[in-house]
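One structure below.
Everything numeric here is computed off the predicted structure, so don't read it as measured data.
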Amino acid sequence: MQLQVMNSPFNQEQAELLNRLLQTLTESQKIWLSGYLSASASVSGQVAVTPQRTGQAISKDVTILYGSQTGNAQRLAEKSGKKLEERGFQVTVSSMSDFKPNNLKKVQNLLIVASTHGEGEPPDNAISFHEFLHSKRAPKLDDLRFSVLSLGDSSYEFFCQTGKEFDQRLEELGGTRLYSRVDCDLDYEEPAAEWLEGVFASLSEAHGGSTAPALAAAPQTGESVYSRTNPFKAEVLENINLNGRGSNKETRHLELSLEGSGLTFDPGDSLGIYPENDPDLVDILLEEMKWDPEEKVTINKQGDVLSLKEALLSHFEITVLTKPLLQQAAELSKNEDLRELLSPGNEERVKAYLAGRDLIDLVRDFGPWDASAQAFISILRKMPPRLYSIASSLSANPDEVHLTIGAVRFEAHGRERKGVCSILLAERVQPGDTLPIFIQHNPNFKLPKNPDTPIIMVGPGTGVAPFRSFMQEREEMGAAGKSWMFFGDQHFVTDFLYQTEWQKWLKDGVLTKMDVAFSRDTDEKVYVQNRMLEHSKELFEWLQEGAAVYICGDEKNMARDVHQTLIEIIEKEGGMSREQAESYLADMQQQKRYQRDVY
């Protein structure tokens, strides 16, 4: 029976085109088209259908390359690989740093999963591949079919920049999209699943729908049922301030129970916490908008319902503004100033407005609002978890996980601002309370497999956290390798985090050397990189012996300064040119002897 498009929203010409097309489609093509349109409906941006090249034998081999800093992109790449294998494809999953770029011309089906780091930069393990692809050495890729899944945070100016660059460059080199790029914000699980279904439909269509159906995944024995999407409610055992009286800082040491969770972790992994917003902020917002706190609202696509107050407390982000949020808010506001702010050419003004402001500023600055509570919360981002480097070893503290968290407080635009999670922990969470948590494995920040390998750790302030974990682990295993810690903060008396533990490790020989820099105790500010330069000869000797270097902390300032300092030391002590020193450090990174946990 011939299917006719009638009583439809299409004009006559479109209906005739559709009817002609439908008559030519096989059953598998109709199924693919149905799935394709369903998936693409929820993906923002332009969607393009790419034709299969005639006469080309389509391989069932799929290569998935990931660029990942914290482990999210790697986890998604590995998960995608397993699902495609279940459906009959032969899949290779690899970090971009482990993939030989010259092999790219042999690949027919390529999936890229890449996060964006810092100010639009590739993650550390994607740098060399990114540079190769954008160099003159990159080959023509006329036989390549590809798709890109891009992870990012829309509160940053260069949202998903790395994924966009990979997508554009692969097209420039002659590749054809299997499926359009999908850009994911912090809440990436759903769009990532839709991307994979779209990719599968395209791969399947290329094989005439001949791929195997998905198999039920066998349960992984010994794996915890708790995850990012199903967090464990961990009891707070300890919550203390590490800083001494008179300090400018407040750093919380948090101990949580993992008893009964089945959760495990390795040194270098992170812990995710789903926080709640400040109740005072929520009350101000409800009052400002004259909303009923008890009004029922739908909070997600699944149709879950909460009271408006509970939704704003626990489910939605209200302390960070993004450009996409402003654009959606402009549709709900009668204020012409907001539309004018978002007009073309005002990018710098928008960027300046977003800095340090929250939802209360937005509703005060650009009312009146022509929107129901339901319409307004539907434009808000889901509350993202906060990730913290784990500060303990599981073998040293069974059934526990420890964190080191700096309380964030600052003044901006006439109001005091507070970090959502850090101030929840500093002011409102007591021992006996519970927090929704999950483990975020980070394969890119790990102790050397050989315990005899020397390690150099650079972690000022709360960047000390993973190195406490490293030292606990090495003490437990009796590691023989040398270790050297560079720590810095403001004042020796009030800000030497975990001082007695470090001194004990030094005394017992677990830690070989420690150099400290307290910037406010001297007329001239001294930082960890200054201490590194003072010991440049010995530090380079350690590198020549095969030492692994680890950096944890602030990326914009400290990590960049330490990176440049390492290059200076290698250049000076190794008698190298600047270019040779940079290459030396890049080789260390490739060998996983230079790892960073930066934020």
Do Asp515 and Trp484 pass the side chain to side chain contact (heavy atoms under 4.5 Å, CB included) test, and can you show the C-alpha distance, the side-chain angles, and the key distance before you say yes or no? CA-CA 8 Å; Asp515 283 282; Trp484 189 350; 2.8 Å; yes
Apply side chain to side chain contact (heavy atoms under 4.5 Å, CB included) to Leu256 and Leu271, showing your working. CA-CA 11 Å; Leu256 303 173; Leu271 188 89; 3.7 Å; yes
Does the pair Asp124 and Gln69 meet the rule for a side chain to side chain contact (heavy atoms under 4.5 Å, CB included), with working shown? CA-CA 7 Å; Asp124 287 352; Gln69 194 73 32; 3.3 Å; yes
Residue pair Met471, Glu475: steps toward the side chain to side chain contact (heavy atoms under 4.5 Å, CB included) verdict: CA-CA 6 Å; Met471 297 315 296; Glu475 183 175 31; over 6 Å; no
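Considering CD1 of Ile437 and OG of Ser261, their distance stands at 6.5 Å, rounded to 0.5 Å. For the atom pair CD1 (Ile127) and CD (Glu121), the distance works out to 8.0 Å, reported to the nearest 0.5 Å. Atoms CH2 and CG, from Trp195 and Leu178 in turn, are 9.5 Å apart once rounded to the nearest 0.5 Å. In this structure, the separation between OG1 on Thr322 and CG on Asp153 is 8.5 Å, given to the nearest 0.5 Å. Here the straight-line distance linking atom CG of Leu511 with atom NZ of Lys482 works out to 12.5 Å at 0.5 Å rounding. How far NZ of Lys100 is from CG of Asp98: 11.0 Å, rounded to the nearest 0.5 Å.
A salt bridge does not link Glu119 to Arg560: none of the charged nitrogens lies less than 4.0 Å from a carboxylate oxygen. Salt-bridge check for Asp143 with Lys105: failed, with every basic side-chain N at 4.0 Å or more from each acidic carboxylate O. With salt bridges taken as basic N to acidic carboxylate O contacts below 4.0 Å, one links Arg531 and Glu534. Arg75 has a carboxylate O that lies under 4.0 Å from a charged side-chain N of Glu189, or vice versa, which qualifies the two as a salt bridge. A salt bridge does not link Glu85 with Lys82: none of the charged nitrogens is closer than 4.0 Å to a carboxylate oxygen. Ion pairing of Arg87 with Glu197 is present here, as a side-chain N (NZ or NE/NH1/NH2) and a carboxylate O approach within less than 4.0 Å. Comment: Asp167 engages Arg181 in a salt bridge, judged by a side-chain N to carboxylate O separation of less than 4.0 angstrom. Here Glu573 does not pair with Lys537 in a salt bridge; the nearest charged N to carboxylate O distance is not below 4.0 Å.
For an aromatic pair to be called close, the ring centres must be under 6.0 Å apart, and Phe487 with Phe467 fails this. Here the two rings, on Phe99 and Tyr66, have centers that are 6.0 Å apart or farther. In this structure, Tyr274 has its ring center closer than 6.0 angstrom to the ring center of Phe438.
Contact of the Thr251 side chain with the Asp489 side chain is not registered, since no non-hydrogen atoms from C-beta on lie closer than 4.5 Å.
Between the side chain of Arg593 and the backbone N or O of Ala547, at least one donor-acceptor pair lies under 3.5 Å. Asp185 places no side-chain N or O within 3.5 Å of a backbone atom of Asp187 that could act as its donor or acceptor partner. Without hydrogens or angle criteria, Asn444 side chain to Ser68 main chain gives a donor-acceptor distance under 3.5 Å. Put simply, the side chain of Arg386 never gets that close to the backbone of Pro275: no donor and acceptor are under 3.5 Å apart.
Heavy-atom minimum distance, Cys552 versus Pro460: O-CD, 3.9 Å. Taking both residues in full, the closest heavy atoms of Leu104 and Leu141 are given as CD2-CD1, 3.8 Å, listed atom of the first, atom of the second, then distance.
Under the 3.5 Å distance criterion, with hydrogens and angles disregarded, no donor-acceptor pair is assigned to the side chains of Thr116 and Tyr156. A side-chain N or O of Ser154 and one of Arg381 form a donor-acceptor pair less than 3.5 Å apart. In this structure, a donor-acceptor pair under 3.5 Å is absent between the side chains of Glu568 and Gln564. Looking only at atom types and distance, the side chain of Tyr188 has a donor-acceptor partner in the side chain of Asn72 under 3.5 Å away.
Screening Ile570, Val458, Leu533, Leu539 for a side-chain contact (heavy atoms from CB on, under 4.5 Å) involving Thr565 leaves a single residue, Leu533. Partner Phe445 forms a ring-ring contact (aromatic ring centres under 6.0 Å, His included) with one of Tyr550, Phe265, Tyr594 and no other, that one being Tyr550.
Using a 30° and 60° split on the angle between ring planes, Phe166 and His134 fall in the tilted class, from 30° to 60°.
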Side-chain donor-acceptor contacts of residues 395-402 below 3.5 Å, not counting sequence neighbours, with atom names and distances?
from   : atom 1 : to     : atom 2 : distance (Å)
Ser395 : OG     : Ser393 : OG     : 2.9
Ser395 : OG     : Glu473 : OE1    : 3.0
Asn397 : ND2    : Ser393 : O      : 3.4
Asn397 : ND2    : Gln472 : OE1    : 2.8
Glu400 : OE1    : His402 : NE2    : 2.8
His402 : ND1    : Arg468 : NH1    : 3.1

